[in-house]
Number of protein chains: 2
Amino acid sequence: MSPRKSVQKELTREMIMDAARDLFVSKGYQHVSMRQIAKELGYSHGSIYYHFKNKAELFYALVEKHFELLDQKLHDVLKQKLDQKEKLKQILVGYIQFGLNHQSHYEIMFLIKDEEVRNFINQGGNRSYENFAQSVSLLSGKELKVQEIWLLFLSLHGFVTHYCRIVNSYEEVRGLAEAHADFLLKSIH
Amino acid sequence: MSPRKSVQKELTREMIMDAARDLFVSKGYQHVSMRQIAKELGYSHGSIYYHFKNKAELFYALVEKHFELLDQKLHDVLKQKLDQKEKLKQILVGYIQFGLNHQSHYEIMFLIKDEEVRNFINQGGNRSYENFAQSVSLLSGKELKVQEIWLLFLSLHGFVTHYCRIVNSYEEVRGLAEAHADFLLKSIH
DNA sequence: TCAATTAATTGACCATCGTTCAATTAAATT
DNA sequence: AATTTAATTGAACGATGGTCAATTAATTGA
């Protein structure tokens with residue numbers, strides 16, 4: 001009701017991000033409004049603009065955290081006790097798994113074309129891709145052209161893109177995802 | 001200015017589609033408004049709703065035609081004088097070419113997640129895919145699992161998806177597209 | 001301690017969107 | 001010529017993302 005609430009009740013970036021995450025994940029970027037997020041929090045929509053420049057920046061703040069998660073996932077696979085061939089497959093499958101279990105964020109990371117959102121991306125995306133590429137290169141056992149790794153990535157990307165929003169979780173396409181990984185690995189062996 | 005203009009100046013579905021096509025292709029589905037289309041035509045925005053139920057249906061009317069174009073393209077490749085291996089590659093490359101030279105429509109055909117638009121699709125998309133799959137199967141020379149063809153398609157799809165809107169035409173990535181086709185063909189040979 | 005300053009929140013406001021629909025007028029039908 | 005039908009208009013609706021003066025709490029300094 002009143003401007004400037006007592007300090008215990010002050011809105012924080014974290015509070016906004018928590019509310020926004022749920023909505024974005026369940027409804028997708030386009031179908032969540034700033035007013036909905038504010039309502040969820042019990043604040044006016046204007047207040048969000050005090051903490052985030054606009055909707056795209058708010059979403060990107062969430063996405064950044066998810067890039068870290070993707071990096072973490074890769075790291076986890078690498079330190080598993082598996083032979084190289086197995087690890088390599090795990091990386092590919094793990095990438096698909098990540099994409100399908102964080103659909104709304106994957107959309108923003110790699111799918112959204114909006115100029116606005118576009119401007120925020122790229123740093124995180126490139127870093128994540130570099131990690132991916134280097135790991136594949138190391139584990140493949142043979143000299144791979146950078147181009148080949150890129151094409152491999154695009155092929156994984158196609159799988160995720162297609163099943164994003166068609167499917168509700170990775171589990172629904174686990175078998176096909178593994179087949180896709182095998183299919184692609186044939187190209188580099 | 002007046003309702004019900006003289007019959008020579010009557011608005012037609014074709015007129016609307018022509019104006020809309022240009023706008024959609026240059027700006028993308030999301031960034032074209034019904035008012036813009038109407039303005040382009042010199043009519044009020046309401047008039048479009050007399051000819052099309054809504055924006056999604058208008059767009060889908062355009063997309064249907066592009067599916068026919070895609071089918072035509074496939075047909076053209078098939079009747080070329082090439083050995084099977086060459087034809088197969090041409091199909092893959094041709095698919096990418098089509099996607100990148102009709103970006104805004106490709107988006108709707110295979111990328112858009114909006115419920116509204118979703119409902120209109122599928123018939124055309126499935127038929128086109130069936131054509132693609134059957135051709136690949138015929139030309140591959142060996143018994144391919146349906147699953148393999150599907151994964152091949154998803155891999156092509158990833159390429160198109162990524163370069164859609166990053167690039168302005170197929171020409172800019174011709175070399176890479178051909179490399180992608182070669183890369184994928186290694187998986188089924 | 002209390003005035004001045006700063007920080008956080010509000011909600012009216014703007015321009016835009018897709019869509020609906022009563023009113024209007026030209027064309028077609030009787 | 002009267003009536004019916006078909007096509008077009010533009011005001012209106014309920015949304016959207018975003019801005020900003022006004023307001024009030026917290027903080028700072030004298």
Side-chain angles (χ1 to χ4, degrees), chain A residues 1-20 23-24 26-62 104 108 112-120, chain B residues 1-20 23-24 26-62 104 108 112-120:
Chain A
M1 272 304 171
S2 71
R4 189 86 209 233
K5 314 204 161 164
S6 70
V7 76
Q8 305 101 308
K9 301 190 172 180
E10 257 176 26
L11 197 52
T12 62
R13 280 176 71 96
E14 276 65 36
M15 285 165 66
I16 296 170
M17 286 167 72
D18 285 342
L23 287 170
F24 281 135
S26 70
K27 303 189 176 195
Y29 182 75
Q30 307 275 3
H31 296 90
V32 173
S33 71
M34 295 299 255
R35 283 168 173 80
Q36 280 170 43
I37 298 169
K39 198 171 200 174
E40 189 75 20
L41 290 160
Y43 285 71
S44 81
H45 66 280
S47 67
I48 298 179
Y49 289 89
Y50 183 79
H51 299 276
F52 294 94
K53 198 166 119 256
N54 53 36
K55 189 179 171 184
E57 201 202 67
L58 164 55
F59 201 113
Y60 185 59
L62 291 171
S104 192
I108 294 290
I112 290 245
K113 313 291 177 188
D114 279 28
E115 285 298 331
E116 350 152 28
V117 184
R118 258 284 154 82
N119 300 332
F120 292 104
Chain B
M1 268 307 170
S2 71
R4 188 86 209 232
K5 314 204 162 166
S6 71
V7 77
Q8 308 101 308
K9 302 191 172 180
E10 259 177 23
L11 197 52
T12 62
R13 280 174 70 96
E14 276 64 36
M15 286 165 66
I16 297 171
M17 285 167 74
D18 285 342
L23 287 169
F24 281 136
S26 70
K27 303 187 177 196
Y29 183 74
Q30 306 276 4
H31 296 94
V32 174
S33 70
M34 296 299 257
R35 283 169 176 81
Q36 281 170 42
I37 298 168
K39 198 171 199 173
E40 191 76 19
L41 289 161
Y43 285 72
S44 80
H45 63 277
S47 67
I48 299 180
Y49 288 89
Y50 183 79
H51 299 275
F52 294 93
K53 200 166 118 258
N54 52 37
K55 188 179 172 185
E57 200 201 66
L58 165 54
F59 201 113
Y60 185 59
L62 291 171
S104 191
I108 294 291
I112 288 244
K113 313 293 178 187
D114 279 29
E115 285 299 329
E116 351 152 27
V117 184
R118 258 283 154 84
N119 299 331
F120 292 105

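Lettering follows sequence order; numbering is per chain, from 1. Quick caveat: nothing in here was measured; it's all calculated off a predicted structure.
Regarding B:K39, its NZ atom lies at a distance of 12 Å from the C1' atom of C:dT16, rounded to whole Å. Distance, B:L41 CG to D:dT9 C1': 15 Å, rounded to whole Å. Spacing between atom CZ of A:R13 and atom C1' of C:dA7 amounts to 16 Å, rounded to whole angstrom units. Rounded to an integer number of Å, the gap from CD of B:E57 to P of C:dT19 is 10 Å. As rounded to whole Å, 11 Å separates atom P of D:dT9 from atom CD of B:E10. Whole-Å rounding puts the A:M15 CE to C:dT9 C1' distance at 12 Å. Counting to the nearest Å, the C1' atom of C:dC21 and the NZ atom of B:K53 are 17 Å from each other. Between the CG atom of B:L11 and the C1' atom of D:dG10 there is a distance of 16 Å, rounded to whole Å.
For the pair A:A61 and A:M17, the tightest heavy-atom approach, listed with the atom from each and the gap, is O-CE, 3.7 Å.
Note that OH of B:Y49 is 4.0 Å distant from CE of B:M34, once rounded to the nearest 0.5 Å. Distance NZ/A:K5 to OG/A:S47: 8.0 Å, rounded to 0.5 Å. Expressed to the nearest 0.5 Å, how far NZ of A:K27 lies from OG of A:S33 amounts to 8.0 Å. Taking CG of A:D18 as the reference point, atom CD1 of A:I37 lies at 12.0 Å (rounded to 0.5 Å). The OH atom of B:Y50 sits 8.5 Å away from the CD atom of B:E10 when rounded to the nearest 0.5 Å. In this structure, CD1 in A:I48 is found 7.0 Å from CG in A:L11, a value given to the nearest 0.5 Å.
Contacts between residues 43-52 of chain B and DNA chain D, defined by a heavy-atom separation below 4.0 Å, involve B:Y43, B:S44, B:H45, B:G46, B:S47, B:Y50, B:H51, listed by number.
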Pick out the pairs of N or O atoms, protein on one side and nucleotides 14-16 of chain D on the other, that lie under 3.5 Å.
unit_1 : atom_1 : unit_2 : atom_2 : d
D:dT16 : OP1    : A:S33  : OG     : 3.0

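A:Y43 has its side chain within reach of A:K9: a pair of non-hydrogen atoms, C-beta onward, lies under 4.5 Å apart. Here the side chains of A:T12 and A:H51 are not in contact, with every heavy-atom distance at 4.5 Å or above.
Note on B:K5: every side-chain N or O is 4.0 Å or more away from OP1 and OP2 of C:dA27.
Ring orientation note: the planes of B:F24 and B:Y29 are close to parallel, at an angle under 30° on the 30°/60° scale.
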Pairs counted as Watson-Crick or G-U wobble with both distances under 3.5 Å: what dot-bracket string results for DNA chain D, using | for bases tied to another strand?
||||||||||||||||||||||||||||||
